[in-house]
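These notes concern the structure reproduced below.
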Amino acid sequence: MRTGFVGWRGMVGSVLRQRMLAEGDFTGLDPVFFSTSAAGGAAPDVGQGPATLLRADDVAALAGMDVILTCQGGDWTHAMYPRLRAAGWDGVFIDASSALRTADEATLVLDPVNRPVIDAALAAGCRTFVGPNCTVSLMLMGLVGLFRAGLVEWVSTMTYQAASGAGAAAMRELVAQMVALGQATAGLDPAGDILDLDAVVSATLASEGLPTQVFQAPLAGSAIPWVDRLVDGGQTREEWKGGYEANKIMGLRPPVPVDGICVRIGAMRCHAQAVTIKLTEAVPLATLERLIAEAHPWVDVVPNTPEATRAQLTPAATAGSLRVPVGRLRPLAMGPEYLTAFTVGDQLLWGAAEPLRRMLAILRGRL
Ligand code: NAP
């Protein structure tokens, strides 16, 4: 299978290559690497031997691929996808960007959640597959067991989103802000007045010198309840995606309302979210926990204890892992049909690269 990789050196593309190498996915594949910035240079060696980077705007070269997998970004997809299809290319297009997520011809891929939707799309001749939004994917990876059981009337999700969702520069900015706080407070007496420490931190966060080019506000030592741009009704686009994409991924009819507030916090690569679920009926907690835990092999129900929560249910504990822990499960004071939960996931894995890697494996009959 001649497979063209575009956007392979960005953050998502790098994690994708790392995962494909770890799983032996390049074995038997015929990879071709494209670049928007360094055509003619050396392609990464993933076992295929020395090769040259091709131009990522070369329609003829791209049209020679059976599959194009792109993590390049929405601008590239908007520019090149229509040209490729207009040129008669009918290969399979797999995309990390949001450019085609609302297109009728595109299927959103998250196979532990929607493998039947993917298989039906393949059988119907679908050639365009798109990775969903990271926050939506991680919410469904945690809670799909309840959706499958038809128990979800609506979901309100309040997110705690990592810097990595805004790209590599955002991760660097978060750490640079942490460094600024560390440097500003380094000379203070550890046994000194706590109000002095607090005043230095507050002054540093408010200072013009704090790097805020990406987030436009301090993130270290703070939180930003705004992700992406404004859409209708006071919602952000990130919040809109929660409802639209969750329903499209699972093919839910009628749609299940999903809404809430998306918040950026100072985590590096794991998104967390606190959810309130209105169940269609009151169900014993043990049954709900079983439905969540049995949904697929990567979900873990975490006991509602301080020790288990601190050890397993944090961004720091989940970074780099394919596990999706779900904890803090309990009925709310509003009534037995109101359930709360907290879930965490590595947004560069299930939220970005892994569904694309697995879609390629599904095409090759390996999954
Ligand atoms: P990114 O890190 O900015 O990489 C995108 C492209 O930027 C690279 O492929 C590379 O293209 C170019 N680039 C320029 N300077 C670079 C440098 N110093 N290092 C590496 N690459 C550089 O973008 P991304 O975060 O991977 O996101 C790619 C797409 O996936 C976007 O559409 C994004 O919305 C989507 N997505 C992202 C996430 C996430 O968590 N970040 C999650 C889901 C989906 P050339 O090699 O051609 O120059």
Side-chain angles (χ1 to χ4, degrees), residues 4-20 31-44 51-58 61-62 68-81 93-103 106 108-110 129-141 159-174 213-215 227-229 237-238 241-242 245 249 262 264-265 267-272 315 318-320 344-359:
F5 291 89
V6 190
W8 49 270
R9 76 179 176 114
M11 204 166 54
V12 177
S14 299
V15 174
L16 177 79
R17 274 185 301 140
Q18 186 184 49
R19 286 287 301 138
M20 288 186 67
V32 180
F33 291 90
F34 293 81
S35 173
T36 63
S37 60
T52 301
L53 288 171
L54 303 186
R55 289 176 60 110
D57 61 355
D58 183 340
L62 288 162
I68 295 172
L69 198 166
T70 171
C71 306
Q72 182 60 36
D75 290 348
W76 185 86
T77 298
H78 280 304
M80 296 305 297
Y81 179 80
F93 193 79
I94 304 176
D95 191 359
S97 87
S98 62
L100 299 170
R101 284 190 197 141
T102 57
L108 300 184
V109 292
L110 185 65
F129 297 91
V130 180
N133 171 265
C134 44
T135 320
V136 182
S137 298
L138 294 170
M139 188 270 286
L140 290 179
M141 286 295 288
T159 72
Y160 302 76
Q161 295 184 218
S164 60
M171 296 169 83
R172 290 187 191 283
E173 184 168 288
L174 171 62
Q213 288 80 359
V214 177
F215 289 115
V227 179
D228 209 337
R229 61 180 165 84
R237 188 166 159 77
E238 187 80 355
K241 285 175 182 172
E245 292 193 21
I249 291 167
C262 290
R264 187 79 68 190
I265 60 150
M268 280 298 269
R269 59 180 284 172
C270 288
H271 288 349
T318 309
V344 191
D346 187 315
Q347 69 92 22
L348 291 175
L349 292 171
W350 285 118
E354 195 66 7
L356 309 181
R357 183 190 80 74
R358 291 175 63 89
M359 186 62 222

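Atoms within each ligand, like the ligands themselves, are counted from 1 in listed order. Quick note: numbers below take in every heavy atom, side chains included, and nothing from hydrogens, waters or symmetry partners. Everything numeric in this text was worked out from a predicted model, so none of it was measured.
Of the protein's non-hydrogen atoms, V12 CG2, 3.4 Å is the one closest to atom 37 (C) of ligand 1. Nearest protein neighbour of atom 4 (O) of ligand 1, counting heavy atoms only, is G10 CA, 3.2 Å. Closest to atom 31 (C) of ligand 1 among all protein heavy atoms lies G73 CA, 3.7 Å. Among all non-hydrogen protein atoms, the one lying nearest atom 13 (N) of ligand 1 is R9 NH2, 3.5 Å. At the top of the distance list for atom 40 (O) of ligand 1, counting protein heavy atoms only, stands Q347 OE1, 2.7 Å. Atom 7 (O) of ligand 1 has as its closest protein heavy atom Q72 NE2, 4.1 Å. Atom 35 (C) of ligand 1 has its closest protein heavy atom at A96 O, 3.5 Å. With hydrogens left out, the protein atom closest to atom 42 (C) of ligand 1 is A352 CB, 3.5 Å, a heavy atom.
Less than 4.0 angstrom separates atom 9 (O) of ligand 1 from at least one non-hydrogen atom of the protein.
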For this session: Check step by step if side chain to side chain contact (heavy atoms under 4.5 Å, CB included) holds for M20 and W8.
Result: CA-CA 12 Å; M20 288 186 67; W8 49 270; over 6 Å; no
For this session: Decide side chain to side chain contact (heavy atoms under 4.5 Å, CB included) for I68 and Y81; before the verdict, give the C-alpha distance in whole Å, the side-chain angles of both, and the deciding distance to 0.1 Å.
Result: CA-CA 10 Å; I68 295 172; Y81 179 80; over 6 Å; no
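Once rounded to the nearest 0.5 Å, the distance linking NE2 of H271 with CG of D346 reads 9.5 Å. K241 contributes atom NZ, which lies 10.5 Å from atom OG1 of T102 (distance to the nearest 0.5 angstrom). In this structure, the separation between CD on E354 and CG on L16 is 9.0 Å, given to the nearest 0.5 Å. Atom-to-atom distance recorded for S164:OG and L174:CG is 10.0 Å, nearest 0.5 angstrom. Rounding to the nearest 0.5 Å places CG of L348 at 10.0 Å from OG of S14. Atom CG in L69 sits 12.0 Å away from atom CZ in F34 (nearest 0.5 Å).
Residue V6 does not touch ligand 1, judged by heavy-atom distances below 4.0 Å. The residue A38 has no part lying near ligand 1, judged by heavy-atom distances below 4.0 Å.
Ligand 1 has at least one atom lying under 4.0 Å from a heavy atom of C71. Proximity of G131 to ligand 1 is not established, as no heavy-atom distance is less than 4.0 Å. Taking 4.0 Å as the cut-off, G74 counts as a neighbour of ligand 1 on heavy-atom distance.
If you number the atoms of ligand 1 from 1 as listed, the ones under 4.0 Å from a heavy atom of T36 come out as 11 (O), 45 (P), 47 (O), 48 (O). Near S35, meaning under 4.0 Å from one of its heavy atoms, ligand 1 places the atoms 46 (O), 47 (O). Below 4.0 Å from some heavy atom of S164 lie the following atoms of ligand 1, by number and element: 39 (C), 40 (O), 41 (N). Here is the list of ligand 1 atoms found below 4.0 Å of a heavy atom in G7: 9 (O). Atoms of ligand 1 found under 4.0 Å from any heavy atom of G351 (numbered from 1 in listed order, with element): 42 (C), 43 (C). For ligand 1, the atoms sitting less than 4.0 Å from at least one non-hydrogen atom of L348 are 40 (O), numbered in the order shown with element in parentheses. For ligand 1, the atoms sitting less than 4.0 Å from at least one non-hydrogen atom of S97 are 32 (O), numbered in the order shown with element in parentheses.
Considering backbone and side-chain N/O atoms, S98 never comes within less than 3.5 Å of an N/O atom of ligand 1. Residue-to-ligand polar distances place M11 within reach of ligand 1: an N/O pair is separated by less than 3.5 Å.
Looking at W350, its side chain never comes within 3.5 Å of a backbone N or O of P355 through a donor-acceptor pair. Under the 3.5 Å distance criterion, the side-chain polar atoms of T52 are left unmatched by any main-chain donor or acceptor of G41.
In this structure, D58 places its CG atom where more than 12 heavy-atom neighbours from other residues, nucleotides or ligands lie under 6.0 Å away. Other residues, nucleotides and ligands contribute more than 12 heavy atoms inside 6.0 Å of the CZ atom of R19.
If you run side-chain hydrogen bond (donor to acceptor under 3.5 Å, both in side chains) between N133 and each of E238, R101, R237, E245, only E238 comes through.
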